[in-house]
Amino acid sequence: MGRHFGDLAKIRHVITYSISPFEQRAFPNYFSKGIPNVWRRFKSSVFKVAPPMILMYLTYTWGNHVHEQGKRKNPADYEKDQ
């Protein structure tokens, strides 16, 4: 029972490398490179994603509006009722 979870099987011809957690940096260049990269990716994809979403939103609101109008009664149908 001396084997740990990471050493359960030996796989031949596979080389793994690791670095000490003390040598890693959790958020390197987060503000200097990360946020500008997110902004660049957002700008490049917004014109591909936004028009279909706007079109679907307008279709959805139009459909709800027509549905609500269809649920109402027409007052002209009941003018002669007493």
Side-chain angles (χ1 to χ4, degrees):
M1 302 307 285
R3 294 191 159 232
H4 297 284
F5 186 75
D7 298 327
L8 294 178
K10 284 288 185 187
I11 301 173
R12 295 175 14 159
H13 308 292
V14 174
I15 300 172
T16 58
Y17 298 96
S18 64
I19 188 170
S20 169
F22 299 107
E23 295 180 20
Q24 295 178 8
R25 296 191 321 178
F27 297 103
N29 303 322
Y30 179 73
F31 292 107
S32 63
K33 294 183 181 174
I35 293 175
N37 187 39
V38 168
W39 179 248
R40 179 189 57 81
R41 292 173 62 184
F42 173 77
K43 283 193 319 184
S44 68
S45 66
V46 72
F47 293 112
K48 297 175 191 170
V49 176
M53 291 180 75
I54 291 170
L55 181 66
M56 293 308 296
Y57 174 75
L58 292 174
T59 305
Y60 177 76
T61 54
W62 171 79
N64 281 341
H65 180 70
V66 169
H67 177 69
E68 291 297 323
Q69 279 183 343
K71 289 191 333 185
R72 285 191 237 149
K73 294 182 179 179
N74 186 5
D77 293 342
Y78 301 103
E79 286 177 351
K80 297 180 182 178
D81 288 347
Q82 301 250 347

### Shortest non-hydrogen contact from Pro52 toward Lys48
CD-O, 3.6 Å

### Task
Could you grab the distance from atom CE of Met53 to atom CG of Leu58, nearest 0.5 Å is fine?
12.0 Å

### Summary
For residues 43-66, the ring pair (Phe, Tyr, Trp, His ring centres under 6.0 Å) pairs (sequence neighbours left out) are none

### Message
Just to verify, what does Glu68 make a salt bridge (Lys or Arg N to Asp or Glu O under 4.0 Å) with, not counting sequence neighbours?
### Response
Lys71

### Task
Write down the atom of Phe31, the atom of Ile35, and the distance for their closest heavy-atom approach.
CD2-CD1, 3.6 Å

